[in-house]
K.L.:
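Below is a structure I'd like to ask you about.
Here is the naming used below: chain letters follow the sequence lines, and residue numbers restart at 1 for every chain.
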Protein chains: 2
Amino acid sequence: MIKRLAPSVPASLDETDRALLAALAEDARQPVAELARAVGLSAPSTAERIRRLEAQGVIERFTVQIDPRALGFTLQAIVRVKPLPGQLHLVEEVIRRIPEFVECDKVTGDDCFICRLYLHSIEQLDEILSKVTERAETSTAIVKSTPVARRLPPLG
Amino acid sequence: MIKRLAPSVPASLDETDRALLAALAEDARQPVAELARAVGLSAPSTAERIRRLEAQGVIERFTVQIDPRALGFTLQAIVRVKPLPGQLHLVEEVIRRIPEFVECDKVTGDDCFICRLYLHSIEQLDEILSKVTERAETSTAIVKSTPVARRLPPLG
DNA sequence: GCTGAAAGGGTGATTGC
DNA sequence: GCAATCACCCTTTCAGC
């Protein structure tokens, strides 16, 4: 396992690093030789850069992207959650414990949390939200389509 | 490259598949032999399952998770966007073209789009939103913390 | 589905430029 | 930073069970 620096250490990335990250994001399993060709370096140099990007914490992990629909999650909802007075921490804990909440951000403004839910059915939405509505007001939006799927931020 | 089926083909996954996906999500680079140990199968069988999961489209891709802070994106915002009459498609196109919008869902309800922005500074927020506000009303929330970072949906 | 073995390829380290 | 080499490990594929 590679020793990582603190995550917020400012990394100075050149054009090659950015190209490398883009290529890795697309296919993290391609051979180093192929990556090297893509970024215009030799294989050893490329391998070295990948190690460095990992050590710097720029690359957090190598992972697989899983299609939620293939797992039966045919529905996505985005829910804004505004805890009732005194319920903030408890609401956060409840959300954390319900695995269908696949993402949750605490934000400024009236709605304290904005969360993403993966669901098998619309009935399940009701079932899950009922665990929250005793302690918070919720506002639900069903995802109809995704014009921009999670993508890389600009690397340039 | 592996031939993939349509993404929405219902995959019937057993416990072993789910364990395998969880292990891969955590570290997609670990040797098949290690994965095999984790799920209690032999290496060849495990490799075969991974191939099948790819062919079924359950695994969409092998990728790297990149820390946006390491790229200098110290700020995240979630913006609800409600296009003015007749501006829906144009707004969608504008969002698509601005790379700082790293995610955008079209949803039911009054706010047509819910988007995530990666930003270098608060000034940049203003700059980017100004490209949208001619054609839509926006409502912005700044991310203060992330109680639940993008995680796997329940595999059970 | 398993084991065992063989073949091929990629990786990682080293050396020298 | 590059190129070349070498040893090692991993993967893949094939038998046979």
K.L.:
Would you call A:D126 and A:K131 a salt bridge, using N to O less than 4.0 angstrom?
P.N.:
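No, A:D126 and A:K131 are not salt-bridged.
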K.L.:
Of all the nucleotides listed (C:dT11, D:dT11, D:dG1), which has the minimum atom distance to the side chain of B:V32?
P.N.:
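Given the options C:dT11, D:dT11, D:dG1, the side chain of B:V32 is closest to D:dT11.
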K.L.:
Rounding to a whole Å, what distance do you find between B:Q30:CD and C:dG10:P?
P.N.:
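One finds 21 Å between P of C:dG10 and CD of B:Q30, rounded.
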K.L.:
Whether B:R151 and A:E100 form a salt bridge (side-chain N of Lys/Arg under 4.0 Å from carboxylate O of Asp/Glu) is what I want to check.
P.N.:
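Between B:R151 and A:E100 there is no salt bridge, as every charged N stays at least 4.0 Å from the carboxylate O atoms.
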K.L.:
Using a strict threshold of under 4.0 Å (side-chain N to carboxylate O), is an ion pair present between A:R97 and A:E93?
P.N.:
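Salt bridge: yes.
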K.L.:
Taking CD from A:E54 and P from C:dT11, how many angstroms apart are they, rounded to a whole number?
P.N.:
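From A:E54 CD to C:dT11 P: 13 Å.
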K.L.:
Report the distance from atom CG of B:L20 to atom P of C:dG1, rounded to the nearest whole Å.
P.N.:
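Interatomic distance, CG of B:L20 to P of C:dG1: 11 Å.
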K.L.:
Flag the pair B:D105 and A:K144 as a salt bridge only when some basic side-chain nitrogen lies within less than 4.0 angstrom of an acidic carboxylate oxygen.
P.N.:
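So B:D105 does not pair with A:K144 through a salt bridge.
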K.L.:
Salt-bridge test for B:E54 and A:R29: reply yes if a basic N is under 4.0 Å from a carboxylate O, no otherwise.
P.N.:
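A:R29 and B:E54: salt-bridged.
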K.L.:
Roughly how many Å is it from CZ in B:R29 to P in D:dT11, rounded to a whole number?
P.N.:
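My rounded result for the distance is 12 Å.
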K.L.:
Give the rounded distance in Å between these two atoms: CD of A:E48 and P of D:dG1.
P.N.:
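To the nearest whole Å, that distance equals 8 Å.
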K.L.:
Whole Å only: how far is the CD1 atom of B:I50 from the P atom of D:dT13?
P.N.:
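Rounding to the nearest Å, CD1 of B:I50 and P of D:dT13 are 13 Å apart.
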K.L.:
Taking only the side-chain heavy atoms of A:S45 (C-beta and beyond), determine which of C:dG12, C:dT11, D:dG1 contains the nearest atom.
P.N.:
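Between C:dG12, C:dT11, D:dG1, the one nearest the side chain of A:S45 would be D:dG1.
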K.L.:
In whole Å, what is the span from the CZ atom of B:R52 to the C1' atom of D:dT12?
P.N.:
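So the CZ-C1' distance, B:R52 to D:dT12, works out to 18 Å.
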K.L.:
So does A:R18 pair up with A:E15, basic N to acidic O under 4.0 Å?
P.N.:
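Yes, A:R18 and A:E15 are salt-bridged.
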K.L.:
Output one line per pair: protein atom, nucleotide atom from nucleotides 3-8 of chain D, and distance, for all N/O pairs under 3.5 Å.
P.N.:
none

K.L.:
It should be established whether A:R49 places a side-chain nitrogen or oxygen under 4.0 Å from OP1 or OP2 of nucleotide D:dG1.
P.N.:
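Result: yes.
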